[in-house]
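Report on the structure given below.
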Amino acid sequence: MAASADTRTKVRGETILAVDNLVKHFPISQGILFRKTVGAVRAVDGVSFELRRGETLGVVGESGCGKSTLARLLMRLETPTSGRATLEGRDLFAARGGELRRLRRNMQMVMQDPYTSLNPRMTVGDIIGEPFEIHPEVAPKGQRQARVRELLDLVGLNPEHINRYPHQFSGGQRQRIGIARALALRPEIIVCDEPVSALDVSIQAQVVNLLEQLQDELGLSYIFIAHDLSVVRHIADRVAVMYLGKIVEIGTEDEIYERPTHPYTQALLSAVPVPDPELRGQREIIRLTGDVPSPANPPSGCRFRTRCWKAQEICAQQEPLLVPQAADPHPSACHFAEVDTRVTPG
């Protein structure tokens, strides 16, 4: 029998998940009796990236850019229009039956809202232990309660509260329960879909620190989706910036935050509050004009050109490729990529 993911030699830094030209278009239909497709919402439109073992890839962008759709595709909650994703070399979208169960066990998700992602009629013990009903090989019945108590302790909750219900916990504690549930099957990848956006700032820091601690202890890989660039900077090793269904820039945390070359990334970073009063005023806020175009009818060429101060004729005629740039070697999809001293002074 082939070696399972649990017995395979793990090498930190090797590629564990590879996504190639992933596309998800939602059809737009018209008509009452005879419905016909008249267009499509291009929610995810040609996304490619790699996730390495033991790293956190942050995914950032405005609401509606396709971040959550990307997460749902990777979790097989949506079927892609086209494209490919391989998890440890196995095709994620071609898997069926037992192979799909094994792949799903290896990649779990932490939802955005801790108030709606937990069943209010189930105890914490039942919520965390529910994955064992689907994957009984992970924890036989006689061992499940002990495993649930172990998971509660792992995420910083009292194991004696195993019979309590979600309404008896705070928002931060509920998110810890969601994290414990995601850890139940011993996955190697956790997709975090804005896991702290519904929490107070002080609680956000506690949850992010917990995720980092669990990563160090268990060797987890994260896809961390968020719109708060400050949170992403704290946790991410690499960052992918999305705009209208596409990744427009990707690089290490230092490359994106210290040397961004795409105008959209620069505009996002210029709006991040600076905590140090002595540094305020050194960075100019870049104010974008116009509204975000509809993903059902994106602009030709570069999708950001209708809001970009650098836009020229080539931007409307030719879509820029996500490739390393002369201004800095990390990939950026811009015909006029350069480091902007308004965002990175000095």
Quick one: do I134 and R104 satisfy side-chain contact (heavy atoms from CB on, under 4.5 Å)? Show the steps, please.
-> CA-CA 11 Å; I134 303 169; R104 279 185 161 157; over 6 Å; no
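- Annotation for D216: atom CG counts as buried by contact number, over 12 foreign heavy atoms lying within 6.0 Å.
- Taken to the nearest 0.5 Å, the CZ atom of R76 stands 9.5 Å off from the CE atom of M107.
- Checking side-chain atoms of H335 against main-chain N and O of Q318 turns up a donor-acceptor pair under 3.5 Å.
- Members clustered with Y165: none, using a 4.5 Å side-chain heavy-atom cutoff among hydrophobic residues.
- Judged by distance alone, the side chain of E255 and the main-chain N or O of P329 form no donor-acceptor pair under 3.5 Å.
- Proximity of a side-chain donor or acceptor of Y222 to a complementary backbone N or O of L211 within less than 3.5 Å is detected.
- Within the model, atoms NE2 of H262 and CG of L269 stand 12.5 Å from one another, a figure rounded to the nearest 0.5 Å.
- Remark: E160 pairs with R149 by the salt bridge (Lys or Arg N to Asp or Glu O under 4.0 Å) rule, at least two apart or across chains.
- Contact record, G46 with N21: CA-OD1, 3.2 Å, taken as the closest heavy-atom pair.
- Evaluation of the salt bridge (Lys or Arg N to Asp or Glu O under 4.0 Å) rule for E78 yields R72 as partners, not counting sequence neighbours.
- At least one side-chain heavy atom of M111 sits under 4.5 Å from a side-chain heavy atom of M109.
- Looking at T86, its side chain never comes within 3.5 Å of a backbone N or O of D91 through a donor-acceptor pair.
- Using a 3.5 Å distance cut-off with no hydrogens or angles, the side chains of R287 and S270 do not pair a donor with an acceptor.
- I190 and L57 are assigned to two separate hydrophobic clusters, defined by single-linkage of ILVMFWY side chains at heavy-atom distances under 4.5 Å.
- Side-chain N/O atoms of E249 and T265 include a donor and acceptor closer than 3.5 Å.
- With rounding to the nearest 0.5 Å, the separation of CD in Q112 from CG in L199 is 10.0 Å.
- At distances below 3.5 Å, at least one donor-acceptor pair connects side-chain atoms of K310 with backbone N or O atoms of F336.
- Under a hydrophobic clustering in which Ile, Leu, Val, Met, Phe, Trp and Tyr are joined whenever their side-chain heavy atoms come within less than 4.5 Å, directly or via other members, V110 and M75 fall into different clusters.
- Across every non-hydrogen atom of C315 and A311, the tightest pair is SG-CA, 3.9 Å.
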Chi angles and distances behind the side-chain contact (heavy atoms from CB on, under 4.5 Å) call for E88, I16 = CA-CA 5 Å; E88 293 189 312; I16 185 172; 3.7 Å; yes
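- Around CD of E137, the count of heavy atoms belonging to other residues, nucleotides or ligands within 6.0 Å exceeds 12.
- Side-chain contact check for P120 versus H167: every heavy-atom pair is 4.5 Å or farther apart.
- The heavy-atom pair separating A43 from F26 by the smallest distance is CB-CE1, 3.6 Å.
- A distance of 10.0 Å separates NE2 in H330 from CD1 in I250, rounded to the nearest 0.5 Å.
- Using a 4.5 Å heavy-atom threshold, the side chains of L183 and Q108 count as separate.
- Proximity of P131 to V138: side-chain heavy atoms (C-beta onward) are nowhere separated by under 4.5 Å.
- Contact check for S48 versus V19: no side-chain heavy atoms found under the 4.5 Å cut-off.
- Under the side-chain hydrogen bond (donor to acceptor under 3.5 Å, both in side chains) criterion, R307 pairs with E62, Y243, sequence neighbours left out.
- Counting non-hydrogen atoms of other residues, nucleotides and ligands closer than 6.0 Å to CD of Q30 gives a total of 12 or fewer.
- Contact check on R233 versus E258 returns a salt bridge, with a Lys/Arg side-chain nitrogen under 4.0 Å from an Asp/Glu carboxylate oxygen.
- In this structure the side chain of L157 never reaches within 4.5 angstrom of the side chain of V124, judged on heavy atoms.
- Looking at L154 and E217, their side chains come closer than 4.5 Å, going by heavy atoms from C-beta outward.
- Counting only residues at least two apart or in different chains, side chain to side chain donor-acceptor pair (under 3.5 Å) contacts with residues 171-180 comprise S170-Q173.
- Rounding to the nearest 0.5 angstrom, the gap separating the CG atom in L118 from the CZ atom in F169 is 9.5 Å.
- Shortest non-hydrogen contact noted between T37 and S29 is OG1-OG, 4.1 Å.
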Hey, mind stepping through V59 and F49 against side-chain contact (heavy atoms from CB on, under 4.5 Å) and telling me if it holds?
-> CA-CA 11 Å; V59 181; F49 64 86; over 6 Å; no
Take R53 and E188 through the test salt bridge (Lys or Arg N to Asp or Glu O under 4.0 Å) and record every step on the way to the result.
-> CA-CA 8 Å; R53 194 180 301 279; E188 295 190 86; 2.4 Å; yes
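- Here the closest non-hydrogen pair linking I247 and A333 is O-CB, 4.5 Å.
- Side-chain heavy atoms closer than 4.5 Å link hydrophobic residues (I, L, V, M, F, W, Y) into clusters, and following such links, possibly through other members, connects F132 to I179.
- For E50, the side-chain contact (heavy atoms from CB on, under 4.5 Å) criterion is met by T15, A18, not counting sequence neighbours.
- For E150 and R147, the salt-bridge test passes: some basic side-chain N is under 4.0 Å from an acidic carboxylate O.
- Note on I189 and V47: same hydrophobic cluster, where clusters join Ile, Leu, Val, Met, Phe, Trp and Tyr whose side-chain heavy atoms are under 4.5 Å apart, directly or indirectly.
- Listed by chain and residue number, H234 satisfy the side-chain hydrogen bond (donor to acceptor under 3.5 Å, both in side chains) test with N209 (two or more places apart in sequence, or in another chain).
- Judged as a side-chain hydrogen bond (donor to acceptor under 3.5 Å, both in side chains), and not counting sequence neighbours, the contacts of E319 are K246.
- Looking at every heavy atom in both residues, G58 comes nearest to V232 through CA-CG1, 4.1 Å.
- Both I223 and V44 are members of a single hydrophobic cluster when ILVMFWY side chains are connected at heavy-atom separations under 4.5 Å.
- Distance check: L74 CG to T69 OG1 gives 11.0 Å after rounding to the nearest 0.5 Å.
- Scanning for side-chain contact (heavy atoms from CB on, under 4.5 Å) contacts around E55 gives L51, R52, D237, R238, with sequence neighbours left out.
- For D126, the side-chain hydrogen bond (donor to acceptor under 3.5 Å, both in side chains) partners two or more places apart in sequence, or in a different chain, are T123.
- Taking 4.5 Å as the limit, some side-chain heavy atom of F304 sits within range of a side-chain heavy atom of L288.
- For A296, the side-chain contact (heavy atoms from CB on, under 4.5 Å) partners at least two apart in sequence or on another chain are I28, V41, S294.
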Show the numbers, then the answer: is there a side-chain contact (heavy atoms from CB on, under 4.5 Å) between R144 and E133?
-> CA-CA 10 Å; R144 290 178 187 174; E133 299 292 333; 3.1 Å; yes
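- Every side-chain contact (heavy atoms from CB on, under 4.5 Å) that A180 has, sequence neighbours left out, goes to I128, L151, V155.
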